[in-house]
Amino acid sequence: MATKARVMYDFAAEPGNNELTVNEGEIITITNLDVGGGWLEGRNIKGERGLVPTDYVEILPSDGKDQFSCGNSVADQAFLDSLSASTAQASSSAASNNHQVGSGNDPWSAWSASKSGNWESSEGWGAQPEGAGAQRSTNTPNNWDTAFGHPQAYQGPATGDDDDWDEDWDGPKSSSYFKDSESADAGGSQRGNSRASSSSMKIPLNKFPGFAKPGTEQYLLAKQLAKPKEKIPIIVGDYGPMWVYPTSTFDCVVADPRKGSKMYGLKSYIEYQLTPTNTNRSVNHRYKHFDWLYERLLVKFGSAIPIPSLPDKQVTGRFEEEFIKMRMERLQAWMTRMCRHPVISESEVFQQFLNFRDEKEWKTGKRKAEKDELAGVMIFSTMEPEAPDLDLVEIEQKCEAVGKFTKAMDDGVKELLTVGQEHWKRCTGPLPKEYQKIGKALQSLATVFSSSGYQGETDLNDAITEAGKTYEEIASLVAEQPKKDLHFLMECNHEYKGFLGCFPDIIGTHKGAIEKVKESDKLVATSKITPQDKQNMVKRVSTMSYALQAEMNHFHSNRIYDYNSVIRLYLEQQVQFYETIAEKLRQALSRFPVM
């Protein structure tokens with residue numbers, strides 16, 4: 001009997017990609033379940049066949065009935081299969097972690113019901129940070145609306161295991177060069193759309209080490225911290241704790257977008273050429289490779305360093321020149337941010353992403369990164385502050401100050417984005433039309449005057465006509481101006497909104513650790529932990545505080561430089577814009593006869 005499946009999400013086929021358009025609730029027949037790359041082949045009731053994402057459908061039982069009480073999508077089944085295969089390994093790992101922590105049971109279990117110790121319970125910003133699910137609606141008609149929501153914390157890679165990812169390796173093959181083209185506004189739909197979100201929702205973030213809610217004790221109560229090869233020093237500079245910056249810095253140029261194909265030409269994609277400025281040796285990467293890097297950086301460093309999300313993956317129209325240019329511009333900005341960070345840029349996973357030499361080296365580095373145990377809260381075990389330990393009161397004050405500032409800046413950035421969006425709409429819509437109306441009205445008046453037959457008004461009529469044309473030119477200038485100044489201001493704010501969206505989780509981790517230390521006296525009194533354990537906890541939460549301060553000093557120095565640069569650029573372009581208009585008006589005025 002043919003296998004049936006129920007469609008869980010609407011999917012619009014991309015023309016020329018052998019895909020099948022399906023709608024939520026529709027029943028299709030699966031003709032090939034093992035196409036690969038996260039796709040299956042199906043046939044609808046009209047007899048039309050094509051490719052559909054595996055995580056968009058739910059396999060029905062052999063009797064064809066839809067069992068809503070038990071979701072068994074292809075993606076879910078693959079996850080369950082991989083989960084069952086790794087049960088023994090997970091159990092062994094859990095036992096090892098319990099030994100490190102020093103207690104078979106969570107010593108905070110007695111208080112967990114009444115005192116969560118995390119930001120969510122105490123502050124609205126941490127309780128429900130604005131994420132992709134809240135803001136990124138694809139129904140809004142203006143691209144700025146979807147472009148500036150907080151990034152949702154990474155919820156896991158799309159379906160497909162390690163082997164599937166490797167089979168989908170994209171070598172240097174490429175074709176169909178896409179040239180840059182000017183884009184009128186921020187293009188691209190967001191990760192919150194149905195195609196992207198349906199796959200990302202399958203695997204929660206807490207499947208990664210260090211991101212589970214009770215994760216801080218893994219670091220705070222480890223009996224003996226491993227001595228990692230990668231040490232992250234923290235020194236005290238003129239402005240307080242700071243990361244150690246490398247002696248030489250580098251950037252990475254993202255360029256040369258090219259179209260490639262896979263699955264015997266059934267699927268297409270765009271790959272980009274990345275060239276680090278310190279090596280000048282290029283590597284090619286697809287968007288999914290950037291997404292993998294983002295995931296690894298978030299998992300490894302996300303408890304201590306804000307990792308903003310990538311520009312989101314567009315489904316329909318993803319090969320249009322404007323979208324390709326906009327995505328490349330944002331990937332460039334993202335990579336530049338990562339290169340500017342002294343910890344991220346020097347990390348092994350980031351260096352491997354830029355400097356691998358062949359497919360074998362890439363796969364080896366990839367698997368090594370995915371097995372990295374120094375991730376989540378354990379990243380703090382690699383940090384060594386060259387400063388005396390802080391007391392708990394000072395630690396808490398520093399944490400509160402960071403939370404207060406980042407929340408206030410988040411509000412300010414959000415307000416500027418809203419105002420900028422409204423101004424963009426006016427400049428590209430109603431405002432140019434008003435200037436055009438003035439221009440046409442003046443030219444119509446000149447035409448009427450010319451019909452009078454009076455011989456002495458030719459100069460006046462010509463001057464009025466030219467004035468009308470001048471206002472039409474001004475209308476075009478107004479419509480084009482946002483791309484020359486407002487665009488860069490909006491993009492800068494977009495980037496910082498991404499950074500700020502990471503801080504509630506970071507602050508929540510720090511506040512959770514602080515609460516654990518506050519509760520340590522009770523745990524010592526009940527022999528749950530030893531006095532030495534408590535002393536270690538205070539020392540380690542002090543290390544966390546130094547890391548937070550070092551990151552904020554890096555954040556502030558970049559913020560001052562970036563906003564100084566982008567607002568200066570905005571004002572310079574505005575001055576040039578109004579001077580151009582003033583010159584055109586002066587020229588129009590000079591045509592009028594002096595009476």
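Counting from 1, the numbers follow the sequence of the chain as shown. Since we're looking at a predicted model, the values are computed, not measured. All values below come from the heavy atoms of this structure, side chains included, with hydrogens, waters and symmetry mates left out.
Using a 4.5 Å heavy-atom threshold, the side chains of C252 and L354 count as touching. Side-chain atoms of K398 and M552, non-hydrogen and from C-beta on, never get closer than 4.5 Å to each other. Counting heavy atoms from C-beta on, the side chains of F350 and M335 come closer than 4.5 Å. You'll find the side chain of P246 reaches within 4.5 Å of the side chain of P342, heavy atoms only. Proximity of D291 to E295: side-chain heavy atoms (C-beta onward) are nowhere separated by under 4.5 Å. For the pair R330/W334, no side-chain contact is recorded, criterion being any heavy-atom separation below 4.5 Å from C-beta on. Looking at M328 and I270, their side chains never come closer than 4.5 Å, going by heavy atoms from C-beta outward. At least one side-chain heavy atom of I507 sits less than 4.5 Å from a side-chain heavy atom of C399.
Applying the salt bridge (charged side-chain N to carboxylate O under 4.0 Å, His left out) test to every pair with at least one member in residues 554-563, sequence neighbours left out, gives these pairs: R337-D562, R340-D562.
For the residue pair I506 and P306, the shortest heavy atom distance occurs at CD1-N, 3.5 Å. Nearest approach of D256 to R258, heavy atoms of both residues: OD2-NE, 2.7 Å. Among all heavy-atom pairs drawn from A479 and P432, the shortest one is CB-CG, 3.9 Å. Contact detail for I307 and C502: the closest heavy-atom pair is O-SG, 3.4 Å. Listed here is the closest heavy atom pair of N553 and G240: ND2-C, 3.7 Å. Closest approach of A588 and A467 over heavy atoms only: CB-CA, 4.2 Å.
Environment of CZ in F592: crowded, with over 12 heavy atoms of neighbouring residues, nucleotides or ligands closer than 6.0 Å. Annotation: Y239, atom OH; neighbour count of heavy atoms from other residues, nucleotides and ligands within 6.0 Å does not exceed 12. Residue-environment remark: OH (Y570) exceeds the threshold of 12 foreign heavy atoms within 6.0 Å. More than 12 heavy atoms of other residues, nucleotides or ligands sit less than 6.0 Å from atom OH of Y563.
Under a 4.0 Å N-O distance rule, the pair R426/E422 does not qualify as a salt bridge. Note on E473 versus K469: no salt bridge recorded, every NZ/NE/NH1/NH2 to OD/OE distance being 4.0 Å or above.
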Query raised in the report: Please walk me through it: do W362 and Q352 pass side chain to side chain donor-acceptor pair (under 3.5 Å)?
Result: CA-CA 7 Å; W362 166 260; Q352 191 267 346; over 6 Å; no

Requested in this report: Begin with the C-alpha distance, continue with both residues' side-chain angles, and end with the deciding distance and a verdict on side chain to side chain contact (heavy atoms under 4.5 Å, CB included) for L293 and V349.
Outcome: CA-CA 8 Å; L293 175 63; V349 62; 4.3 Å; yes

Query - Chi angles and distances behind the ring pair (Phe, Tyr, Trp, His ring centres under 6.0 Å) call for F555, F503 - result: CA-CA 11 Å; F555 179 86; F503 275 102; 5.6 Å; yes

**Report entry** ring pair (Phe, Tyr, Trp, His ring centres under 6.0 Å) evaluation trace for Y272 with H289
**Finding:** CA-CA 10 Å; Y272 302 87; H289 303 160; over 10 Å; no

Report task. Evaluate the side chain to side chain contact (heavy atoms under 4.5 Å, CB included) criterion for residues K497 and L417: first the C-alpha distance (whole Å), next the side-chain angles of each, then the deciding distance (0.1 Å), finally the verdict. Result -> CA-CA 9 Å; K497 194 174 182 72; L417 286 172; 3.5 Å; yes

Requested in this report: For the pair T277 and D251, evaluate side chain to side chain donor-acceptor pair (under 3.5 Å) and give the outcome as yes or no after the intermediate values.
Outcome: CA-CA 6 Å; T277 57; D251 199 353; over 6 Å; no

Query - Worked verdict on W292 versus H285 for ring pair (Phe, Tyr, Trp, His ring centres under 6.0 Å) - result: CA-CA 11 Å; W292 175 87; H285 279 300; 8.6 Å; no

Report task. Could you go through the side chain to side chain donor-acceptor pair (under 3.5 Å) check for H487 and Q573 one step at a time? Result -> CA-CA 11 Å; H487 166 77; Q573 290 295 320; over 6 Å; no

Query - Stepwise side chain to side chain contact (heavy atoms under 4.5 Å, CB included) test for L297 and I305 - result: CA-CA 9 Å; L297 293 178; I305 298 170; over 6 Å; no

Query raised in the report: Between L310 and Y287, does a side chain to side chain contact (heavy atoms under 4.5 Å, CB included) hold up when you go through it step by step?
Result: CA-CA 9 Å; L310 291 168; Y287 177 88; 3.9 Å; yes

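Q481 contributes atom CD, which lies 8.0 Å from atom SG of C427 (distance to the nearest 0.5 angstrom). Rounding to the nearest 0.5 angstrom, the gap separating the CD1 atom in I27 from the CG atom in N44 is 12.0 Å. Taking NE2 from H423 and OG1 from T428, the interatomic distance works out to 9.5 Å, rounded to the nearest 0.5 Å. The OH atom of Y496 sits 13.5 Å away from the CG atom of L416 when rounded to the nearest 0.5 Å. The CG atom of D462 sits 13.0 Å away from atom CZ of F449, with the distance rounded to the nearest 0.5 Å. For the atom pair CD of Q574 and CG of D485, the computed distance is 4.5 Å after rounding to the nearest 0.5 Å.
In terms of modelled atom types and a separation under 3.5 Å, the side chain of T54 and the main chain of L40 share no donor-acceptor contact. In this structure, the side chain of Y9 does not engage the main chain of D55 through any donor-acceptor pair within 3.5 Å. Under the 3.5 Å distance criterion, the side-chain polar atoms of N558 are matched with a main-chain donor or acceptor of H554. In this structure, D10 contributes its side chain and E24 its backbone to a donor-acceptor pair below 3.5 Å. Here the side chain of N355 pairs a donor or acceptor atom with the backbone of Q351 at under 3.5 angstrom. R49 places no side-chain N or O within 3.5 Å of a backbone atom of E41 that could act as its donor or acceptor partner. The backbone N or O of T406 lies less than 3.5 Å from no partner atom in the side chain of D410, so there is not a single donor-acceptor pair.
At a cut-off of 3.5 Å, with distance as the only test, a side-chain donor of T336 or Q332 sits close to an acceptor on the other residue. A side-chain N or O of W243 and one of E551 form a donor-acceptor pair less than 3.5 Å apart.
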Show me, pair by pair, the donor-acceptor contacts under 3.5 angstrom made by side chains of residues 435-443, not counting sequence neighbours?
unit_1	atom_1	unit_2	atom_2	d
Q443	NE2	G439	O	3.3
Q443	NE2	E472	OE1	3.3
Q443	NE2	E472	OE2	3.3

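Below 30°, between 30° and 60°, or above 60°: for H556 and F405 the angle between ring planes is above 60°, a perpendicular geometry.
F290 has its ring centre less than 6.0 Å from the ring centre of F353.
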